[in-house]
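Both backbone and side-chain heavy atoms feed into the values below; hydrogens, waters and symmetry mates do not. Letters A, B, ... are given to chains in the order of the sequence lines, protein chains preceding strands, and every chain is numbered from 1.
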Amino acid sequence: MAVSSGPLLATREGYGRALVELGRRDERVVVLDADLSKSTQTAGFAREFPSTFAIFATQRALNQIFQSVAYPGLNAKIAASHAGITVGEDGASHQAVDDLALMRAMPGMTVVVPADAYEASQATFAAAAWEGCSVYLRLGRPAAPVVTPPEKPFTIGRITVLREGDDVTICACGLMVGVALAAAEKLAAEGIQAAVLNVSTLKPLDTETLLAYAARSRAVVTVEEHSIIGGRGGAVSEALAAAMPVSVLRMGIRDTFGQSGKPAELLAQYGLTAQDVAQTVKKAVERKGKKNG
Amino acid sequence: MENQVDWHGRAPNREQGEQALKELQERGEATWR
Amino acid sequence: MPSAVKFPAPGRYRELERKACAIRQHVIRMLTAAGSGHPGGSFSAVEILTALYFRVLRVDPRQPDDPERDRFVLSKGHAAPALYATLAERGFFPLSWLEDLRRLGSPLQGHPDMRKVPGVEMSTGSLGQGLSVGVGMALAARLRGSGYRVYVLLGDGECQEGQVWEAAMAAAHYRLRNLVAVVDRNGLQIDGPTEKVLALEPLADKWRAFGWSVITVNGHDFSELLPALESVGYAQRPTAIIARTVTG
């Protein structure tokens with residue numbers, strides 16, 4: 001599966017369109033937005049989909065989510081856009097780099113990170129139908145390349161394998177899936193075959209698929225637009241540590257705050273480009289070699 | 001216990017509990033007369 | 001100020017007064033058995049809860065999930081013992097549950113858990129959130145075309161939480177005439193009198209400024225509480241009842 005060369009679409013757009021469709025299908029759907037409906041794309045609309053920027057939806061409302069949603073077992077779908085550093089010029093105060101860690105640690109919260117606009121649309125429908133549990137849906141601001149086929153139904157809790165490869169397993173989510181695929185193409189030219197896993201559901205984690213690929217490649221790299229503490233890297237490390245001694249190299253924001261800048265510049269600044277991923281993969285492969293040698 | 005800040009977050013011990021119940025019962029009887 | 005609040009002499013509401021007395025006795029027994037809890041804030045709310053559950057609220061313990069039922073949210077969740085005792089007396093669950101307050105495995109958790117106790121509409125405990133929940137419930141009633149009313153009991157110290165005022169603003173904005181906030185104005189909180197910690201007065205003016213109808217009553221006097229609680233929905237705005245009470 002390669003990165004499509006078609007138009008770029010933001011995940012929040014895919015979500016916005018799905019919401020309108022959902023509203024048409026079921027008049028009970030209610031969307032709540034804290035003055036940001038034009039940005040979060042819920043304005044196209046009117047079941048409880050509170051939307052705002054990821055940092056405000058999680059950090060700021062954390063106790064409210066705990067006390068009034070998760071603990072009483074209520075079924076709310078929290079769709080948060082503008083996650084990660086690609087929020088850009090607004091700077092650190094608007095960039096959520098710990099939202100996945102916070103939501104993952106919340107009992108009774110399912111955590112979904114769609115990789116592109118189509119997946120975001122399908123994930124919105126899946127989230128709406130997900131009974132018995134609240135869902136945190138993480139969306140981004142920038143228009144991004146499409147990496148999944150449109151109309152492919154989204155299954156919560158399932159990893160999709162976008163590229164096969166035995167030398168290393170790259171676990172990515174969100175915007176980083178496209179980046180990982182680009183890195184995998186570069187690596188292939190150098191003779192390294194990387195599997196790319198779209199870990200679109202962070203919780204519950206599809207450990208079966210993860211373990212199968214980790215066992216085969218015996219080298220894992222995780223990459224996310226999020227702190228290396230507690231998010232995708234955390235989840236994968238926890239799962240693998242319990243089951244098999246495979247080293248995991250975590251790529252992401254290295255325990256620092258975000259800052260203002262153009263999204264592409266920021267990704268370079270924080271080491272999240274295809275080039276960076278390729279480099280880290282080579283390190284992982286090297287490490288594997290040393291251990292076996 | 002009336003109007004005492006101390007009683008915001010502290011439970012009565014056995015004796016205090018029994019004392020309070022007695023006072024309540026007395027007040028209750030006054031109501032029912 | 002709250003210290004001037006007097007318990008009225010027994011009168012027309014003998015049955016309700018007896019109920020309130022019984023509930024107070026339960027609360028003392030519960031807290032003594034549990035060895036921890038919040039007596040002050042539980043006691044100040046007893047007449048309010050009695051008035052609600054034995055006169056005002058259209059609820060049926062045999063049908064706790066009736067979609068048309070009135071809702072009550074105990075925003076000051078630490079007064080749980082009083083709510084539990086009231087619900088048990090009203091028949092939502094056996095009185096025998098009360099002695100297990102706060103014990104491991106008991107449905108009667110330290111703060112209300114809606115998944116465990118029939119009759120509890122919302123889990124609370126982290127102060128300042130109950131009115132927001134009430135706003136949501138009141139809005140849902142309107143969206144569904146339902147006639148149920150929503151009552152939220154807040155602590156006065158709780159009104160120091162900013163979220164309360166955001167909810168108040170929303171309630172007025174959406175003209176939620178089916179929503180009533182009762183403030184248990186007992187004048188005290190953990191660190192001392194409310195007016196020394198973070199002054200609330202003029203409290204009635206604040207609610208009015210936020211677009212609510214405001215009634216001030218003696219929170220232990222049924223002859224004042226009942227008409228106030230029943231006066232819901234006559235204006236196109238939510239109602240705040242400031243109930244002057246005494247803790248303990």
For C:Glu166, I'd like to know if atom CD has over 12 heavy atoms of other residues, nucleotides or ligands within 6.0 Å. no

Heavy-atom closest pair (B:Pro12 atom, C:Pro39 atom, distance to 0.1 Å) is CD-CG, 4.4 Å

What one should report as the nearest heavy-atom pair of B:Ala11 and C:Ser36 is CB-N, 3.3 Å

Here the gap from C:Gln25 atom CD to B:Lys22 atom NZ, rounded to the nearest 0.5 Å, amounts to 13.5 Å

Rounding to 0.5 Å, atoms CD1 (C:Ile28) and CD (B:Gln19) come to a distance of 9.5 Å

message = More than 12 heavy atoms of other residues, nucleotides or ligands under 6.0 Å from NZ of C:Lys116: yes or no?
response = yes

